[in-house]
*Asks:* 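Got a structure for you, questions after.
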Amino acid sequence: MIYCGEGSTVLLSAHMDIYQELDEGRIIVQDGTTLRSTRGILGADDRAGIAIILEISNEIHRTNFNGTLKIAFTVKEEIGLIGSQKLDPYFLADVDAAIVVDRRGTRDIVTSYAGIIPFCTEDYGRLLEEAGRLTGMADWKVTAGGSSDAKILSQKFSIPSVNLSAGYMNEHTDRETVDYLAAYETSKLIECVLSRHSIKSRQQTNERSESCHTELSTIFK
(Lines give C-alpha, C1' and ligand atoms only; values in the text may rest on other atoms or scores of the structure.)
Protein backbone atom coordinates (compact mmCIF):
# COMPACT_ATOMS: atom_id res chain seq x y z
CA MET A 1 0.00 0.00 0.00
CA ILE A 2 1.30 3.46 -0.90
CA TYR A 3 -0.27 6.36 0.98
CA CYS A 4 -0.15 9.76 -0.74
CA GLY A 5 -3.07 11.57 0.89
CA GLU A 6 -6.69 11.34 1.97
CA GLY A 7 -8.21 11.04 -1.49
CA SER A 8 -9.55 7.97 -3.27
CA THR A 9 -8.12 4.46 -2.95
CA VAL A 10 -7.16 2.86 -6.26
CA LEU A 11 -6.14 -0.76 -6.79
CA LEU A 12 -3.55 -1.63 -9.46
CA SER A 13 -3.46 -5.29 -10.43
CA ALA A 14 -1.63 -7.73 -12.71
CA HIS A 15 -1.00 -11.48 -12.53
CA MET A 16 2.31 -13.18 -11.76
CA ASP A 17 1.70 -16.56 -13.35
CA ILE A 18 2.56 -17.25 -16.99
CA TYR A 19 1.03 -19.58 -19.55
CA GLN A 20 3.85 -22.16 -19.45
CA GLU A 21 7.36 -22.61 -18.16
CA LEU A 22 10.07 -20.52 -19.79
CA ASP A 23 12.73 -22.21 -21.93
CA GLU A 24 16.01 -22.09 -19.99
CA GLY A 25 18.07 -21.82 -23.17
CA ARG A 26 16.22 -18.87 -24.61
CA ILE A 27 17.69 -15.52 -25.58
CA ILE A 28 15.74 -12.24 -25.47
CA VAL A 29 16.07 -10.42 -28.78
CA GLN A 30 15.37 -6.70 -29.22
CA ASP A 31 14.09 -5.18 -32.46
CA GLY A 32 13.54 -1.46 -31.99
CA THR A 33 11.28 -1.22 -28.94
CA THR A 34 10.01 -4.79 -29.32
CA LEU A 35 11.28 -7.80 -27.39
CA ARG A 36 10.83 -11.49 -28.22
CA SER A 37 12.18 -14.84 -27.12
CA THR A 38 14.20 -17.16 -29.37
CA ARG A 39 12.51 -20.17 -27.75
CA GLY A 40 9.04 -20.58 -26.33
CA ILE A 41 6.88 -17.88 -24.88
CA LEU A 42 8.29 -14.52 -23.81
CA GLY A 43 6.23 -14.33 -20.60
CA ALA A 44 5.16 -10.72 -21.08
CA ASP A 45 1.61 -11.86 -20.29
CA ASP A 46 1.52 -10.60 -17.66
CA ARG A 47 5.00 -9.62 -16.55
CA ALA A 48 4.59 -6.49 -18.64
CA GLY A 49 1.66 -5.53 -16.43
CA ILE A 50 3.76 -6.08 -13.32
CA ALA A 51 6.56 -3.91 -14.75
CA ILE A 52 4.08 -1.11 -15.51
CA ILE A 53 2.69 -1.17 -11.97
CA LEU A 54 6.17 -1.19 -10.42
CA GLU A 55 7.09 1.83 -12.57
CA ILE A 56 4.00 3.69 -11.31
CA SER A 57 4.74 2.77 -7.69
CA ASN A 58 8.24 4.21 -8.10
CA GLU A 59 6.99 7.46 -9.62
CA ILE A 60 3.72 8.10 -7.78
CA HIS A 61 5.22 10.39 -5.13
CA ARG A 62 6.44 12.66 -7.94
CA THR A 63 2.86 13.17 -9.15
CA ASN A 64 -0.11 15.10 -7.75
CA PHE A 65 -1.93 11.95 -6.63
CA ASN A 66 -3.41 12.52 -3.17
CA GLY A 67 -4.96 9.15 -2.38
CA THR A 68 -3.87 5.60 -1.61
CA LEU A 69 -2.54 3.01 -4.04
CA LYS A 70 -3.09 -0.64 -3.31
CA ILE A 71 -1.36 -3.29 -5.39
CA ALA A 72 -2.47 -6.88 -6.01
CA PHE A 73 -0.27 -9.29 -7.96
CA THR A 74 -2.47 -12.34 -8.38
CA VAL A 75 -1.74 -15.99 -9.17
CA LYS A 76 -3.44 -18.71 -11.23
CA GLU A 77 -5.06 -16.20 -13.57
CA GLU A 78 -4.24 -18.36 -16.57
CA ILE A 79 -6.20 -21.31 -15.21
CA GLY A 80 -9.46 -19.60 -14.36
CA LEU A 81 -8.88 -16.32 -12.50
CA ILE A 82 -8.44 -18.31 -9.31
CA GLY A 83 -6.09 -15.98 -7.47
CA SER A 84 -8.25 -12.87 -7.81
CA GLN A 85 -11.28 -14.80 -6.53
CA LYS A 86 -9.39 -15.45 -3.29
CA LEU A 87 -8.32 -11.88 -2.60
CA ASP A 88 -9.02 -10.77 0.96
CA PRO A 89 -12.31 -8.80 1.03
CA TYR A 90 -10.95 -6.75 3.94
CA PHE A 91 -8.01 -5.61 1.80
CA LEU A 92 -10.44 -4.52 -0.93
CA ALA A 93 -13.10 -3.00 1.31
CA ASP A 94 -12.05 0.65 0.85
CA VAL A 95 -11.04 0.42 -2.82
CA ASP A 96 -12.91 2.96 -4.95
CA ALA A 97 -11.76 1.73 -8.36
CA ALA A 98 -9.40 -0.81 -9.90
CA ILE A 99 -7.05 -0.70 -12.87
CA VAL A 100 -5.94 -4.10 -14.17
CA VAL A 101 -3.04 -4.11 -16.64
CA ASP A 102 -3.41 -7.33 -18.63
CA ARG A 103 -4.80 -6.52 -22.07
CA ARG A 104 -2.92 -7.44 -25.23
CA GLY A 105 -1.97 -4.81 -27.78
CA THR A 106 -1.84 -1.08 -27.26
CA ARG A 107 -4.21 1.63 -26.07
CA ASP A 108 -7.28 -0.49 -25.29
CA ILE A 109 -9.48 0.37 -22.31
CA VAL A 110 -11.54 -2.75 -21.63
CA THR A 111 -14.71 -1.95 -19.72
CA SER A 112 -16.72 -5.14 -20.23
CA TYR A 113 -16.53 -8.85 -20.89
CA ALA A 114 -17.54 -9.38 -24.52
CA GLY A 115 -19.79 -6.33 -24.34
CA ILE A 116 -22.14 -8.36 -22.13
CA ILE A 117 -20.85 -8.06 -18.57
CA PRO A 118 -19.86 -4.48 -17.66
CA PHE A 119 -16.86 -3.89 -15.41
CA CYS A 120 -17.72 -0.25 -14.68
CA THR A 121 -19.84 2.70 -15.75
CA GLU A 122 -19.29 4.45 -19.07
CA ASP A 123 -17.95 7.46 -17.16
CA TYR A 124 -14.96 5.49 -15.89
CA GLY A 125 -13.94 4.52 -19.41
CA ARG A 126 -14.31 8.13 -20.56
CA LEU A 127 -11.98 9.29 -17.77
CA LEU A 128 -9.23 7.14 -19.24
CA GLU A 129 -9.96 8.26 -22.80
CA GLU A 130 -9.66 11.87 -21.62
CA ALA A 131 -6.34 11.05 -19.92
CA GLY A 132 -5.16 9.66 -23.25
CA ARG A 133 -5.98 12.94 -24.99
CA LEU A 134 -4.25 14.96 -22.29
CA THR A 135 -1.06 12.91 -22.62
CA GLY A 136 -1.00 13.16 -26.42
CA MET A 137 -2.31 9.61 -26.92
CA ALA A 138 -5.80 10.30 -28.21
CA ASP A 139 -6.21 6.80 -29.65
CA TRP A 140 -6.77 5.19 -26.25
CA LYS A 141 -10.33 3.91 -26.70
CA VAL A 142 -12.94 1.99 -24.72
CA THR A 143 -13.60 -1.51 -26.02
CA ALA A 144 -15.00 -4.88 -24.98
CA GLY A 145 -12.57 -7.64 -24.07
CA GLY A 146 -12.19 -11.16 -22.78
CA SER A 147 -11.82 -12.71 -19.37
CA SER A 148 -9.46 -11.07 -16.88
CA ASP A 149 -9.17 -10.26 -13.19
CA ALA A 150 -11.17 -7.10 -13.90
CA LYS A 151 -14.21 -9.34 -14.27
CA ILE A 152 -13.74 -10.77 -10.78
CA LEU A 153 -13.01 -7.42 -9.16
CA SER A 154 -16.16 -5.91 -10.66
CA GLN A 155 -18.53 -8.86 -10.32
CA LYS A 156 -17.48 -10.49 -7.04
CA PHE A 157 -16.18 -7.43 -5.16
CA SER A 158 -18.34 -4.69 -6.77
CA ILE A 159 -15.30 -2.54 -7.61
CA PRO A 160 -15.50 -0.44 -10.81
CA SER A 161 -12.67 -1.84 -12.95
CA VAL A 162 -10.94 -1.53 -16.29
CA ASN A 163 -8.30 -3.64 -18.02
CA LEU A 164 -5.61 -1.68 -19.92
CA SER A 165 -3.26 -2.76 -22.69
CA ALA A 166 0.18 -3.84 -21.46
CA GLY A 167 1.91 -3.83 -24.85
CA TYR A 168 2.25 -7.57 -25.45
CA MET A 169 1.02 -9.47 -28.52
CA ASN A 170 0.56 -13.11 -29.55
CA GLU A 171 0.48 -14.29 -25.94
CA HIS A 172 0.56 -18.03 -25.21
CA THR A 173 2.62 -18.66 -28.37
CA ASP A 174 6.31 -18.71 -29.36
CA ARG A 175 5.55 -15.57 -31.40
CA GLU A 176 4.84 -13.53 -28.26
CA THR A 177 6.34 -10.03 -28.20
CA VAL A 178 6.16 -6.94 -26.05
CA ASP A 179 6.62 -3.32 -27.06
CA TYR A 180 8.25 -1.73 -24.01
CA LEU A 181 7.55 1.78 -25.26
CA ALA A 182 3.84 0.94 -25.36
CA ALA A 183 4.12 -0.45 -21.82
CA TYR A 184 5.75 2.78 -20.65
CA GLU A 185 2.97 4.80 -22.29
CA THR A 186 0.42 2.79 -20.33
CA SER A 187 2.18 3.79 -17.12
CA LYS A 188 1.98 7.45 -18.18
CA LEU A 189 -1.75 7.12 -18.87
CA ILE A 190 -2.37 5.73 -15.40
CA GLU A 191 -0.22 8.40 -13.77
CA CYS A 192 -2.25 11.07 -15.56
CA VAL A 193 -5.55 9.66 -14.28
CA LEU A 194 -4.20 9.47 -10.74
CA SER A 195 -2.60 12.93 -10.83
CA ARG A 196 -5.80 14.63 -12.01
CA HIS A 197 -7.79 13.15 -9.10
CA SER A 198 -10.24 11.89 -11.73
CA ILE A 199 -11.22 8.84 -9.70
CA LYS A 200 -13.52 9.94 -6.91
CA SER A 201 -14.16 7.99 -3.74
CA ARG A 202 -17.43 6.15 -3.66
CA GLN A 203 -18.31 8.12 -0.51
CA GLN A 204 -17.89 11.38 -2.48
CA THR A 205 -20.05 9.98 -5.27
CA ASN A 206 -22.77 8.93 -2.83
CA GLU A 207 -22.68 12.35 -1.14
CA ARG A 208 -23.11 14.09 -4.52
CA SER A 209 -26.02 11.81 -5.38
CA GLU A 210 -27.71 12.49 -2.05
CA SER A 211 -27.17 16.24 -2.51
CA CYS A 212 -28.72 16.16 -5.98
CA HIS A 213 -31.64 14.12 -4.66
CA THR A 214 -32.20 16.63 -1.84
CA GLU A 215 -32.09 19.58 -4.26
CA LEU A 216 -34.58 17.93 -6.64
CA SER A 217 -36.88 17.03 -3.78
CA THR A 218 -36.85 20.68 -2.65
CA ILE A 219 -37.54 21.97 -6.16
CA PHE A 220 -40.49 19.67 -6.82
CA LYS A 221 -42.18 19.96 -3.42
Side-chain angles (χ1 to χ4, degrees), residues 1-15 46 49-50 52-57 59-61 63-74 77 81 83-85 87-103 107-113 117-135 137 140-145 147-166 185-210:
M1 185 173 73
I2 304 173
Y3 179 80
C4 298
E6 297 182 357
S8 57
T9 298
V10 180
L11 178 74
L12 303 182
S13 182
H15 66 87
D46 187 27
I50 291 173
I52 289 165
I53 291 171
L54 291 177
E55 169 68 13
I56 294 165
S57 67
E59 295 294 323
I60 195 63
H61 285 296
T63 73
N64 294 323
F65 180 58
N66 70 340
T68 299
L69 275 187
K70 289 190 171 183
I71 296 172
F73 292 147
T74 63
E77 190 272 353
L81 313 177
S84 58
Q85 295 182 56
L87 286 169
D88 185 350
Y90 182 79
F91 174 72
L92 299 175
D94 63 344
V95 172
D96 297 302
I99 299 174
V100 176
V101 191
D102 185 29
R103 168 70 170 178
R107 304 191 180 186
D108 280 350
I109 305 164
V110 177
T111 58
S112 71
Y113 172 70
I117 301 174
F119 300 157
C120 60
T121 65
E122 292 182 1
D123 287 344
Y124 191 14
R126 284 196 288 265
L127 284 179
L128 287 144
E129 286 184 333
E130 175 63 15
R133 288 189 287 271
L134 290 171
T135 52
M137 299 181 287
W140 277 95
K141 297 297 180 184
V142 166
T143 187
S147 191
S148 73
D149 286 338
K151 181 181 177 185
I152 301 301
L153 292 168
S154 63
Q155 296 299 299
K156 180 174 181 177
F157 297 104
S158 301
I159 299 172
S161 305
V162 293
N163 184 17
L164 301 184
S165 290
E185 290 173 344
T186 298
S187 75
K188 294 294 107 178
L189 178 85
I190 297 171
E191 286 178 14
C192 177
V193 170
L194 297 175
S195 294
R196 296 185 68 236
H197 313 150
S198 301
I199 298 173
K200 305 301 181 184
S201 70
R202 283 188 273 188
Q203 181 179 353
Q204 287 176 311
T205 302
N206 291 337
E207 287 173 354
R208 285 198 301 272
S209 296
E210 290 173 4

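Keep in mind that this is a model prediction, so the values were computed, not measured. Heavy atoms only: backbone and side chains are in, while hydrogens, waters and symmetry mates are out.
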*Asks:* Identify the two heavy atoms, one from Cys192 and one from Leu134, that lie closest to each other, and give their separation to 0.1 Å.
*Replies:* SG-CB, 4.2 Å

*Asks:* Do Thr186 side-chain atoms and Ser165 backbone N/O form a donor-acceptor pair below 3.5 Å?
*Replies:* yes

*Asks:* Side chain to side chain contact (heavy atoms under 4.5 Å, CB included) between Leu128 and Val162: does it pass, once the steps are laid out?
*Replies:* CA-CA 9 Å; Leu128 287 144; Val162 293; 3.6 Å; yes

*Asks:* Thr68 versus Ile2: any side-chain heavy-atom pair under 4.5 Å?
*Replies:* no

*Asks:* Indicate whether the side chain of Ser195 and that of Asn64 have a donor and an acceptor atom separated by less than 3.5 Å.
*Replies:* no

*Asks:* I'd like to know if the side chain of Ser57 reaches the main chain of Leu54, judged simply by a donor and an acceptor atom lying under 3.5 Å from each other, with no hydrogens or angles considered.
*Replies:* yes

*Asks:* Kindly give the heavy-atom pair with the smallest separation between Ser201 and Ser8, and that separation in Å.
*Replies:* N-CB, 3.8 Å

*Asks:* Which heavy-atom pair separates Phe91 from Lys70 by the least distance, and what is that distance?
*Replies:* O-NZ, 2.7 Å

*Asks:* Do any N or O atoms from the side chain of Asn163 and from the backbone of Asp102 form a donor-acceptor pair under 3.5 angstrom?
*Replies:* yes

*Asks:* How close do Asp108 and Trp140 get, counting heavy atoms only, and between which atoms?
*Replies:* O-CZ3, 3.3 Å

*Asks:* Using modelled atom types and a 3.5 Å cut-off, is there a donor and acceptor pairing between side-chain atoms of Gln155 and backbone atoms of Pro118?
*Replies:* yes

*Asks:* One pair to check against side chain to side chain contact (heavy atoms under 4.5 Å, CB included): Ile99 and Ser13. What are the steps and the verdict?
*Replies:* CA-CA 6 Å; Ile99 299 174; Ser13 182; over 6 Å; no

*Asks:* Does Leu127 offer a backbone N or O that forms a donor-acceptor pair with the side chain of Ser198 under 3.5 Å?
*Replies:* no

*Asks:* Would you sort out whether Val110 and Leu164 count as a side chain to side chain contact (heavy atoms under 4.5 Å, CB included), showing the intermediate values?
*Replies:* CA-CA 6 Å; Val110 177; Leu164 301 184; over 6 Å; no

*Asks:* For the residue pair Ser148 and Arg103, establish whether any side-chain heavy-atom pair is separated by less than 4.5 Å.
*Replies:* no

*Asks:* Going by heavy atoms in the side chains, are His15 and Thr74 under 4.5 Å from each other?
*Replies:* yes

*Asks:* For the CD1 atom of Ile199 and the CG atom of Asp96, what is their distance to the nearest 0.5 Å?
*Replies:* 8.5 Å

*Asks:* Taking atom OG of Ser112 and atom NZ of Lys151, what is their separation to the nearest 0.5 Å?
*Replies:* 11.0 Å

*Asks:* Salt-bridge test for Lys188 and Glu185: reply yes if a basic N is under 4.0 Å from a carboxylate O, no otherwise.
*Replies:* no

*Asks:* Any side-chain heavy atom of Ile159 sitting closer than 4.5 Å to one from Ser154?
*Replies:* no

*Asks:* How far apart are the C-alpha atoms of Leu11 and Ile71, what are their side-chain angles, what is the distance that settles it, and do they pass the side chain to side chain contact (heavy atoms under 4.5 Å, CB included) test?
*Replies:* CA-CA 6 Å; Leu11 178 74; Ile71 296 172; 5.8 Å; no

*Asks:* Tell me, do His197 and Asn66 make a side-chain contact under 4.5 Å, heavy atoms counted?
*Replies:* yes

*Asks:* Does a side-chain N-to-carboxylate-O contact under 4.0 Å join Arg126 and Glu130?
*Replies:* no

*Asks:* Quick check: do Pro160 and Phe119 have side-chain heavy atoms less than 4.5 Å from each other?
*Replies:* no

*Asks:* Below 4.5 Å, heavy atoms only, C-beta onward: do Ile53 and Val101 meet side chain to side chain?
*Replies:* yes

*Asks:* With rounding to the nearest 0.5 angstrom, report the CZ to OG1 distance, Arg107 to Thr143.
*Replies:* 15.5 Å

*Asks:* Return yes when atom OH of Tyr124 has more than 12 non-hydrogen atoms of other residues, nucleotides or ligands closer than 6.0 Å, and no otherwise.
*Replies:* yes

*Asks:* Glu129 versus Val142: any side-chain heavy-atom pair under 4.5 Å?
*Replies:* yes

